[in-house]
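Each remark here refers to the structure printed beneath this line.
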Protein chains: 2
Amino acid sequence: MDKRQFKDRVYTILSGLVKAMANPHRLEIIDLLGQGERSVEEIAAETGMSIANASQHLQVLKQSNLVQIKRNGNFILYRLANDNVYKSWKDLREIGMESLEEVKKIVKDFREKKSSFEPMRMDDLLSRMESSNIILLDVRPEQEFKAGHIPKAINIPIDQLPGRIGELKRSKRYVAYCRGPFCVFADDAVQFLTEKGFKANRLEEGYPDWKIKFQAETVR
Amino acid sequence: MDKRQFKDRVYTILSGLVKAMANPHRLEIIDLLGQGERSVEEIAAETGMSIANASQHLQVLKQSNLVQIKRNGNFILYRLANDNVYKSWKDLREIGMESLEEVKKIVKDFREKKSSFEPMRMDDLLSRMESSNIILLDVRPEQEFKAGHIPKAINIPIDQLPGRIGELKRSKRYVAYCRGPFCVFADDAVQFLTEKGFKANRLEEGYPDWKIKFQAETVR
DNA sequence: GAACTATTCAATAAGTTTCTTGAATAGATA
DNA sequence: TATCTATTCAAGAAACTTATTGAATAGTTC
């Protein structure tokens, strides 16, 4: 095998991997599976796709070794094959968030309606949490919180927030996080809390970002 | 704009970015541009493509904001738009190197003909260089070495190596590196040095990987 | 073992990507 | 201003990708 053949083969295989990610639905699936395993039905419901279409896209991801399956009763559960998959998605997402004006604008416009405060970055949060009166609020569904969360966070799922507002204190600043930058639970929480007179920001990143940043070694 | 519209738009734009990377030639171009800027002609020559085809692929990368251009005399020079682009490619590459058996096998088979020693990882290298008698050997063309290299490395371009073998000492161990894991200059160097009775390994990673790992702050 | 149910498969039509060829362009040099 | 040269554009054929539909499957539960 000569140099050119070697390169052609390697780059062709790797481009196959990239092609498997190169679809809006499949990116959304990868982002969702960053939360933990899901059945085809759940994936279809959360992403607004038909079941047959979700299944087809999941086959593409499976054939490229980006996801793996496990049977549980009547359901087949899909999960990301390893942490590198989410890490790659995160990097691609960050190119978009940092250098595509179009993405920046859409995200900014969408959030502007929900909050006048800037989102907080994870690096800032961790340094501020020590000394200040910040409370970290995980607004994902209970099951996801139980599967893993940022230390010291309290869990009030977004749909329970109106009923549990009494648990919160006006003297604190609340920083809400959820699944990632494109998850809107945190934006909804910030909007609701701000309207009720609380101090609230969203965290730019979500739980999976914290996990790959700080738990990489322990997870392996 | 509702939640679903917001997500559809963001994921569609980001998938456009991923699609722009989802081609073997374009991945090779990104990898090459990790070394520094290049003209269309140089890119075509180094990757074995026709000029028209290289140009067409460069247009795709440019339209997705992955590369930028600069005119220099008669030539148009292409370069990566920012460090995140190489970082994303690196992560995708690493999924392949770590979890695609097919990639692992091709790389292993190709290297086996060149060397019986395992490649050294960057993390190992840096800890060993202090105390041991390792010499780091950059076998890229002189111009690339001058544009940036790993500290303490000496530069002997692969095509000058046979003529300059007298500069090397048999008491040392030589660790050769070049552009990245799929660059074969280092493999050729290791093969040559081993045949001449020197102790030599290749470094798994290349210069751009060192750069984004250790120079990220200074470059920004 | 029968019935059930989540998931996959197969076929199709519309849209997209790729490479090749040869012509066109824009900018630099003389 | 004319010439030169690197790069881009345009057109077309072949090969992929995608969503939809309805049928098939495989594994579980009763």
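Residue numbering restarts at 1 for every chain, and letters A, B, ... go by the order of the sequence lines. Remember, predicted model here, so these are calculated numbers, not experimental data.
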Looking at residues 52-67 of chain B, who's got a heavy atom less than 4.0 Å off DNA chain C?
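Contacting residues: B:Ala52, B:Asn53, B:Gln56, B:His57.
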Short of 4.0 Å, heavy atom to strand atom, which residues of residues 24-47 of chain A count as contacting DNA chain C?
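Of all residues in residues 24-47 of chain A, the ones placing a heavy atom under 4.0 Å from DNA chain C are A:Ser39, A:Val40, A:Glu41.
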Contact boundaries on DNA chain D for chain B, cut-off under 4.0 Å to non-hydrogen atoms
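Nucleotide range in contact with chain B: D:dA6 to D:dC9.
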Within the 4.5 Å heavy-atom criterion, are [X] and [Y] side-chain neighbours or not?
X        : Y        : result
B:Leu125 : B:Met120 : yes
B:Asp31  : B:Tyr86  : yes
A:Val107 : A:Phe182 : yes
A:Asn155 : A:His149 : no
B:Phe185 : B:Pro141 : yes

Taking A:Lys146 as the fixed residue, which of A:Glu142, A:Gln143, A:Glu144 is the one that meets the side chain to side chain contact (heavy atoms under 4.5 Å, CB included) rule?
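Among A:Glu142, A:Gln143, A:Glu144, the one meeting side chain to side chain contact (heavy atoms under 4.5 Å, CB included) with A:Lys146 is A:Glu142.
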Using only atom types and a distance under 3.5 Å, with no angle test, would you say the side chain of [X] pairs donor to acceptor with the backbone of [Y]?
X        : Y        : answer
A:Glu37  : A:Leu77  : no
A:Asp2   : A:Gln5   : yes
B:Asn201 : B:Glu118 : yes
B:Ser115 : B:Phe117 : yes
B:Glu42  : B:Ser39  : yes

Tell me whether the rings of A:Phe214 and A:Trp210 are parallel (<30°), tilted (30 to 60°) or perpendicular (>60°).
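The arrangement is tilted - the two ring planes meet at 30° to 60°.
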Give me the ring orientation class for A:His25 and A:His57: parallel if the planes are under 30° apart, tilted from 30 to 60°, perpendicular past 60°.
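Because their plane-to-plane angle lies in the 30° to 60° range, the rings of A:His25 and A:His57 count as tilted.
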So which one's nearest nucleotide on DNA chain D is more toward 5', B:Ile51 or A:Ser50?
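The residue whose closest nucleotide sits nearer the 5' end is B:Ile51.
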All ring-ring contact (aromatic ring centres under 6.0 Å, His included) counterparts of A:Tyr78, not counting sequence neighbours
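Not a single residue meets the ring-ring contact (aromatic ring centres under 6.0 Å, His included) criterion with A:Tyr78.
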Quick check on the helix from C:dG1-D:dC30 to C:dA30-D:dT1: what's the angle between its two end axes, five base pairs per end, to the nearest 10°?
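Taking the rotation axis at each end, their angle is 40°.
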Once each nucleotide of nucleotides 25-30 of chain C is scored for protein heavy atoms under 4.0 Å, what B/S/- sequence comes out, 5' to 3'?
--BS--
Using the salt bridge (Lys or Arg N to Asp or Glu O under 4.0 Å) definition, which of the options B:Arg111, B:Arg93, B:Lys90, B:Arg121 pairs with B:Glu204?
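The residue from B:Arg111, B:Arg93, B:Lys90, B:Arg121 that satisfies salt bridge (Lys or Arg N to Asp or Glu O under 4.0 Å) with B:Glu204 turns out to be B:Arg111.
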